[in-house]
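Input: a single structure, listed below in structure tokens.
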Amino acid sequence: ESITVQEDAGYYFATNILVENLIKNPTFQARSDDILIVTYPKSGTHWIQAIVNLMVQNVENLTDRYKNYLYHLEYTPHQVLNDAPSPRVICTHLPFERIPLNFLREKSKIVLCVRNPRDVAVSYFQFCANLKAIDYRGSFDGFLNLFLNGSLPYNSWFDHVSSWLKVVRSVRHDIHVVRYEDLKQDFLSTVSDLARYLQVDTSPELLEKIQDGTSFENMKICFSDYLLDMSINGKSVIFRKGTVGDWRNYFSPAQVAMLEDEMEEWGLHKHKSIRFSVE
Ligand code: A3P
């Protein structure tokens with residue numbers, strides 16, 4: 001069981017990325033007021049991007065202009081990014097080593113969103129099975145092997161998260177870490193910490209508006225036609241369940257142990273900002 005990827009020096013991308021953005025002559029210019037949202041795929045990218053957009057753009061609700069502000073470093077043409085007004089909220093799934101270095105030179109704001117790798121694996125599995133461009137027909141067991149080996153677009157979750165946590169630990173750049181699980185469990189305090197990092201308004205009224213606007217139910221409705229032409233089963237490729245702990249329906253005890261071993265091998269099992277409850 002495998003998934004078709006395109007490779008650049010051992011690094012795997014989905015087949016539909018804009019190659020000229022990443023591999024050939026990148027022309028992207030970072031700005032000091034950019035906000036870079038960093039995630040491994042399926043870690044809540046759309047959610048955090050909507051939250052941040054509602055914080056920094058003068059958008060009344062998600063339906064207003066949402067399609068205009070979904071900037072993606074690997075998919076949005078550079079011309080569009082270069083013409084976009086500030087502040088731009090740009091998401092990327094790249095590991096630290098591959099981001100344009102001018103984000104660091106410009107001291108852009110960087111928000112790293114991490115999710116329990118077990119739920120990420122399940123979400124990625126369902127995504128690959130429902131996306132026409134990937135059309136994964138194998139089992140979850142087969143997929144988990146690809147996930148653990150990093151034989152997927154954006155390689156391994158462990159490599160991605162390690163590359164970013166090294167920078168978080170080194171205080172080389174002030175990066176704000178958000179956990180998907182904390183957004184689910186304690187939205188208001190997690191989002192007000194984020195607002196403080198971004199130096200934006202933290203009024204209870206705004207935070208509540210963001211909470212309502214970016215609820216799973218509301219986003220699923222606002223994005224009901226989003227990428228639907230890419231779906232195999234006619235259901236949203238992004239807004240599936242939006243819960244914590246769906247992995248319990250997929251992982252065997254042996255698979256839990258395999259993933260735990262991988263966490264230990266990468267030294268990730270003790271890292272405070274990504275400690276995940278396994279009960
Ligand atoms: P599931 O497949 O577990 O449902 P990404 O945006 O990085 O592709 O991540 C998609 C995952 O985030 C999906 O997980 C999706 O349901 C979940 N998600 C998207 N919006 C959400 C929201 N507003 N609240 C909670 N989870 C959300």
Side-chain angles (χ1 to χ4, degrees), residues 13-14 16-17 36-55 61-63 66-67 69-76 89-95 111-131 133-134 136 140 143-144 147 152-155 157 160-161 164 177-188 190-191 194 207-228 230-233 235-251 274 276:
F13 292 105
N16 61 342
I17 56 145
L36 184 66
I37 309 277
V38 177
T39 57
Y40 186 79
K42 316 320 293 171
S43 304
T45 322
H46 288 79
W47 192 13
I48 189 98
Q49 196 172 18
I51 292 168
V52 173
N53 266 306
L54 286 179
M55 273 179 191
N61 56 55
L62 279 185
T63 49
Y66 75 80
K67 281 185 187 145
Y69 60 62
L70 288 175
Y71 301 129
H72 198 306
L73 203 53
E74 295 90 282
Y75 290 90
T76 311
V89 181
I90 305 171
C91 75
T92 181
H93 301 313
L94 295 175
V111 177
L112 171 67
C113 185
V114 224
R115 185 181 189 190
N116 188 334
R118 297 174 195 184
D119 283 331
V120 172
V122 169
S123 181
Y124 211 172
F125 164 63
Q126 292 291 356
F127 178 74
C128 291
N130 189 22
L131 203 69
I134 298 185
Y136 176 77
F140 176 70
F143 187 87
L144 189 63
F147 185 82
L152 292 170
Y154 299 104
N155 292 32
W157 179 91
H160 182 274
V161 170
W164 281 101
V177 184
V178 176
R179 297 187 339 150
Y180 178 96
E181 290 71 16
D182 291 336
L183 281 174
K184 288 290 295 186
Q185 202 176 48
D186 195 353
F187 187 88
L188 289 176
T190 308
V191 168
L194 173 62
L207 296 188
E208 268 170 43
K209 189 182 101 178
I210 295 173
Q211 183 169 33
D212 294 342
T214 67
S215 72
F216 179 78
E217 293 72 23
N218 193 49
M219 284 191 71
K220 193 170 175 170
I221 295 168
C222 294
F223 286 65
S224 59
D225 58 350
Y226 175 71
L227 304 183
L228 210 58
M230 297 185 173
S231 162
I232 290 174
N233 67 14
K235 293 186 185 158
S236 172
V237 292
I238 302 293
F239 303 93
R240 193 184 61 93
K241 274 196 167 176
T243 57
V244 171
D246 196 27
W247 63 268
R248 276 169 238 276
N249 300 316
Y250 294 79
F251 275 69
I274 58 154
F276 297 104

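For this chain, numbers begin at 1 and follow the sequence in order. Atoms within each ligand, like the ligands themselves, are counted from 1 in listed order. Just so it is clear, the model here is predicted, and its values are computed rather than measured.
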Taking salt bridge (charged side-chain N to carboxylate O under 4.0 Å, His left out) as the test, write out the residues that go with K220, two or more places apart. none
Run the side chain to side chain donor-acceptor pair (under 3.5 Å) test against S215 and tell me which residues pass, sequence neighbours left out. none
Side chain to side chain donor-acceptor pair (under 3.5 Å) with T39: which residues, sequence neighbours excluded? T45, H93
Measure up the F239 and H46 rings against each other and bin them: parallel (under 30°), tilted (30 to 60°), perpendicular (over 60°). perpendicular
Mind telling me whether H160 and W164 have parallel, tilted or perpendicular rings, with 30° and 60° as the class edges? tilted
What about F127 and Y136, are their ring centers closer than 6.0 Å? no
Give the protein residues with at least one non-hydrogen atom closer than 4.0 Å to an atom of ligand 1, ordered by chain and number. K42, S43, G44, T45, H46, W47, R115, S123, Y180, T214, S215, F216, M219, I238, F239, R240, K241, G242
